[in-house]
Amino acid sequence: MPRALRTLLCALLLTALASSISAQFRLFGPRSPRPTPQPNQQMRKASAYISSQAPLKVNQSLLRQATPDNVHVVVSLPKQRAYLMIGEQIVADSPISSGKAGHGTPSGNFSVLEKDPDHRSSIYGDFVDSSGRTVRSGISAKIDSAPSGTHYVGASMRWFMRLTGEGVGMHVGILPGYPASHGCIRMSSDGAKLFYDTVKVGTPVRVGD
């Protein structure tokens with residue numbers, strides 16, 4: 001094949017290849033690098049989705065007058081608040097988290113049946129191995145079987161004030177801003193400690209609307 005013809009054919013092939021690449025570029029566009037998420041575009045922390053509750057409020061003047069014999073407790077499920085009271089006066093107003101759907105906190109008139117500063121749940125907790133490592137968390141001892149080599153450790157319920165024989169009570173727990181417990185009335189650490197220190201076994205507790 002004459003040299004001039006070979007040169008012409010090579011030029012035609014290069015032109016056709018360049019046209020193909022140009023057409024694909026116009027169709028799909030350039031491949032841009034993946035953008036780096038900006039701080040305000042990154043996944044929000046779980047706490048950002050939790051509704052805030054007003055913190056514990058204490059009337060110090062009334063608190064100085066409070067004794068185990070003159071106080072009672074009122075729990076409002078709609079407001080998600082617990083009130084330590086003398087008569088009709090509010091000594092302390094604390095955020096709570098009551099029972100979620102399917103595990104509702106019972107309403108009615110109760111009294112403190114037991115006080116335990118370091119109580120642990122007999123139903124809800126974790127399966128832990130011999131080294132203390134949590135193997136499965138958030139389990140129910142009634143329905144879950146312990147994996148081999150583990151044992152049950154009940155969930156901590158600090159400053160526990162029992163209200164029913166079935167185990168419903170008031171104690172320290174997570175407060176997400178809405179009903180989330182298995183029936184108990186969760187409180188902040190400072191709120192639970194204040195109520196615990198002030199009430200006695202027999203103190204009336206009214207739970208309802």
Side-chain angles (χ1 to χ4, degrees), residues 50-51 53 55-56 66 68-69 71-85 91-130 132-147 149-209:
I50 295 175
S51 60
Q53 291 174 290
L56 175 70
D69 295 315
V71 298
H72 64 280
V73 175
V74 174
V75 177
S76 172
L77 299 179
K79 294 180 180 179
Q80 291 291 281
R81 307 293 295 187
Y83 306 98
L84 181 67
M85 305 187 70
V91 178
D93 172 355
S94 173
I96 67 162
S97 177
S98 59
K100 60 187 176 181
H103 297 274
T105 300
S107 297
N109 294 311
F110 306 92
S111 62
V112 176
L113 301 177
E114 172 195 0
K115 292 176 63 181
D116 184 352
D118 196 20
H119 188 73
R120 286 192 173 270
S121 173
S122 60
I123 300 175
Y124 301 104
D126 305 325
F127 288 136
V128 178
D129 64 17
S130 57
R133 181 177 64 91
T134 299
V135 176
R136 287 180 59 191
S137 61
I139 61 91
S140 169
K142 287 185 174 181
I143 60 176
D144 295 306
S145 298
T150 69
H151 61 279
Y152 170 79
V153 175
S156 176
M157 302 168 115
R158 291 277 291 165
W159 310 122
F160 182 71
M161 296 162 276
R162 182 186 297 275
L163 301 182
T164 74
E166 292 72 33
V168 173
M170 305 175 71
H171 61 81
V172 176
I174 297 172
L175 302 180
Y178 51 84
S181 79
H182 287 97
C184 281
I185 298 164
R186 299 177 184 171
M187 306 180 73
S188 62
S189 180
D190 53 352
K193 179 68 163 60
L194 175 62
F195 279 55
Y196 185 94
D197 286 344
T198 310
V199 305
K200 66 178 182 178
V201 173
T203 293
V205 179
R206 178 165 57 83
V207 181
D209 299 335

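The shown structure was predicted, so the numbers you read here are calculated from the model rather than taken from an experiment.
Although no hydrogens or angles enter the test, the distance criterion places a donor-acceptor pair under 3.5 Å between the side chain of Lys115 and the main chain of Val199. A donor-acceptor contact shorter than 3.5 Å links the side chain of Thr105 to the backbone of Gly183. Side chain of Ser181 to main chain of Gly99: a donor-acceptor pair is present (N/O by atom type, distance under 3.5 Å, no hydrogens or angles). In terms of modelled atom types and a separation under 3.5 Å, the side chain of Thr164 and the main chain of Val168 share a donor-acceptor contact. Without hydrogens or angle criteria, Arg186 side chain to His171 main chain gives no donor-acceptor distance under 3.5 Å. With Thr203 contributing its side chain and His72 its backbone, the two residues share no donor-acceptor pair below 3.5 Å.
In this structure, the side chains of Ser94 and Ser188 come closer than 4.5 Å at one or more pairs of heavy atoms. Put simply, the side chain of Pro179 reaches to within 4.5 Å of the side chain of Ser98, judged on heavy atoms. With a 4.5 Å cut-off on side-chain heavy atoms, Val172 and Lys193 do not count as touching. At least one side-chain heavy atom of Thr198 sits under 4.5 Å from a side-chain heavy atom of Leu84. Side-chain contact between Val205 and Val74: absent, with no pair of heavy atoms (C-beta onward) separated by less than 4.5 Å. Looking at Ser97 and Tyr178, their side chains never come closer than 4.5 Å, going by heavy atoms from C-beta outward.
With respect to Val75, the side chain to side chain contact (heavy atoms under 4.5 Å, CB included) criterion is satisfied by exactly one of Arg81, Met170, Gln80, Met187: Met170.
Between Gly167 and Cys184, the shortest heavy-atom contact is O-SG, 3.6 Å. Here the closest non-hydrogen pair linking Leu113 and Gly165 is CD1-N, 4.1 Å. Nearest heavy atoms, Ala82 versus Phe195: O-CZ, 3.7 Å. For the pair Ser107 and Gly208, the tightest heavy-atom approach, listed with the atom from each and the gap, is OG-CA, 4.0 Å.
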Stepwise side-chain contact (heavy atoms from CB on, under 4.5 Å) check, Met85 with Val71: CA-CA 5 Å; Met85 305 187 70; Val71 298; over 6 Å; no
Derivation of the side-chain contact (heavy atoms from CB on, under 4.5 Å) call for Tyr83 and Val73: CA-CA 6 Å; Tyr83 306 98; Val73 175; over 6 Å; no
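Around atom CG of Asp118, more than 12 heavy atoms belonging to other residues, nucleotides or ligands sit under 6.0 Å away. At most 12 heavy atoms of other shown residues, nucleotides or ligands fall within 6.0 angstrom of atom CZ in Arg206.
Between atom CD1 of residue Ile96 and atom CG of residue Leu175 there is a gap of 8.5 Å, rounded to the nearest 0.5 Å. Taken from CD1 in Ile185 to CG in Leu163, the straight-line distance is 5.5 Å, to the nearest 0.5 Å. Distance check, rounded to the nearest 0.5 Å: CG of Leu56 to CG of Asp190 gives 5.0 Å.
Not counting sequence neighbours, the partners of Phe160 by the ring-ring contact (aromatic ring centres under 6.0 Å, His included) test are His119.
Look at Asp116 and Arg162 and you find no salt bridge, because none of the NZ, NE, NH1 or NH2 atoms lies under 4.0 Å from a carboxylate O.
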